[in-house]
Amino acid sequence: QVQLVESGGGLVQAGDSLTLSCAASGRTISTYTMGWFRQAPGKEREFVATINWIGRGTNYADSVKGRFTIYRDNAKNTMYLQMNSLKPEDTADYYCAARSSYWGSSNPREYDYWGQGTQVTVSS
């Protein structure tokens with residue numbers, strides 16, 4: 001079992017930056033692909049970014065490409081999401097997830113473990 005805990009969310013203004021963290025416990029995440037997803041009120045959970053085991057393979061949703069950066073520190077058993085140039089449409093609950101596979105996926109159903117989420121609100 002892998003337990004995931006997100007932190008770093010908050011209320012910011014458009015154009016600001018935030019870094020989310022996802023701390024894992026129970027098992028090392030070094031053999032898990034990790035991902036970030038988000039869910040806005042009344043909407044389905046959507047893919048944000050994914051990163052493979054060793055952190056060299058990343059993939060982003062078009063809506064965040066060039067603004068968000070996913071990275072991981074396996075020694076700290078932690079994954080991060082650096083979010084720059086935030087927009088009001090980035091407002092959502094952000095979830096981290098772990099997948100027992102080398103390959104990333106944008107399909108939330110293919111992830112095995114989930115955190116409880118951290119709220120990000122971007123005001124205009």
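Computed from a predicted model, the values in this text were never measured in an experiment.
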Legend entry - Separation between CG of L86 and CZ of F68, rounded to the nearest 0.5 Å: 5.0 Å
Inset, instruction - Would you confirm whether T58, through its side chain, and I51, through its main-chain N or O, come within 3.5 Å as a donor-acceptor pair? - result: no
Legend entry - Nearest-0.5 Å distance, OH of residue Y111 to OG of residue S101: 8.5 Å
Legend entry - Y32 side chain near V2 side chain, heavy-atom distance below 4.5 Å: yes
Legend entry - Derivation and outcome, side chain to side chain contact (heavy atoms under 4.5 Å, CB included), residues V64 and R38: CA-CA 11 Å; V64 307; R38 67 187 182 186; 3.9 Å; yes
Legend entry - Row check, W53 ring normal vs R72 NZ/CZ: under 6.0 Å, within 45°: no
Legend entry - Aromatic ring proximity, centroids under 6.0 angstrom, F37 and Y95: no
Inset, instruction - Compare every heavy atom of L81 with every heavy atom of A49, then report the nearest pair and how far apart it is. - result: CB-CD1, 4.4 Å
Legend entry - Heavy-atom pair with the smallest gap, counting every atom of I70 and Y60: N-OH, 2.9 Å
Inset, instruction - Measure from the side-chain N and O atoms of N52 to the backbone N and O of Y102, and report whether any donor-acceptor pair falls under 3.5 Å. - result: no
Inset, instruction - State whether D93 and R45 are salt-bridged, where the test is any N-O pair (Lys NZ or Arg NE/NH1/NH2 against Asp/Glu carboxylate O) under 4.0 Å. - result: no
Inset, instruction - Return yes if a side-chain donor-acceptor contact under 3.5 Å exists between E6 and T118, otherwise no. - result: no
Legend entry - Closest approach of M34 to A98 (non-hydrogen atoms, all atoms of both residues): SD-CB, 3.5 Å
Inset, instruction - Give a yes or no on whether the ring-centroid distance for F47 and W36 is below 6.0 angstrom. - result: no
Inset, instruction - Grab the two heavy atoms, one from A24 and one from L4, that are nearest each other, plus how far apart they are. - result: CB-CD2, 3.7 Å
Inset, instruction - Could you grab the distance from atom OG1 of T31 to atom CZ of R99, nearest 0.5 Å is fine? - result: 13.0 Å
Legend entry - Note: D62-K65 ion pair, threshold 4.0 Å (strictly below): yes
Legend entry - Closest approach of A14 to P88 (non-hydrogen atoms, all atoms of both residues): CB-CD, 4.1 Å
Inset, instruction - To the nearest 0.5 angstrom, please state how far the CZ atom of R67 sits from the OG atom of S85. - result: 7.0 Å
Legend entry - Donor-acceptor contact below 3.5 Å, side chain D73 vs main chain T78: no
Inset, instruction - Using atom types as modelled and distance alone, determine if a side-chain donor or acceptor of S21 lies under 3.5 Å from a backbone N or O of S7. - result: no
Inset, instruction - Kindly determine whether M83 and V120 satisfy side chain to side chain contact (heavy atoms under 4.5 Å, CB included), including the steps that lead there. - result: CA-CA 10 Å; M83 306 186 294; V120 173; 4.0 Å; yes
Legend entry - side-chain contact (heavy atoms from CB on, under 4.5 Å) against S17, all qualifying residues, sequence neighbours excluded: Q82, N84
Inset, instruction - Would you kindly confirm whether Y94 and Y71 end up in one hydrophobic cluster when ILVMFWY residues are joined by side chain heavy atoms under 4.5 Å apart? - result: no
Legend entry - Under 3.5 Å: donor-acceptor pair, side chain of N59, backbone of S105: no
Inset, instruction - State, with a plain yes or no, whether a side-chain heavy atom of I29 is found less than 4.5 Å away from one of N74. - result: yes
Legend entry - Atom pair CD/SG of Q116 and C96 - distance to nearest 0.5 Å: 10.0 Å
Legend entry - Residues that R27 engages under salt bridge (Lys or Arg N to Asp or Glu O under 4.0 Å), provided they are two or more places apart: none
Legend entry - For the student: nearest non-hydrogen atoms of G104 and T33, plus distance: CA-CG2, 3.5 Å
Legend entry - Rounded distance [0.5 Å steps], OH in Y80 versus OG1 in T19: 9.5 Å
Legend entry - Test item: T91 side-chain N/O and V122 main-chain N/O as donor-acceptor pair under 3.5 Å: yes
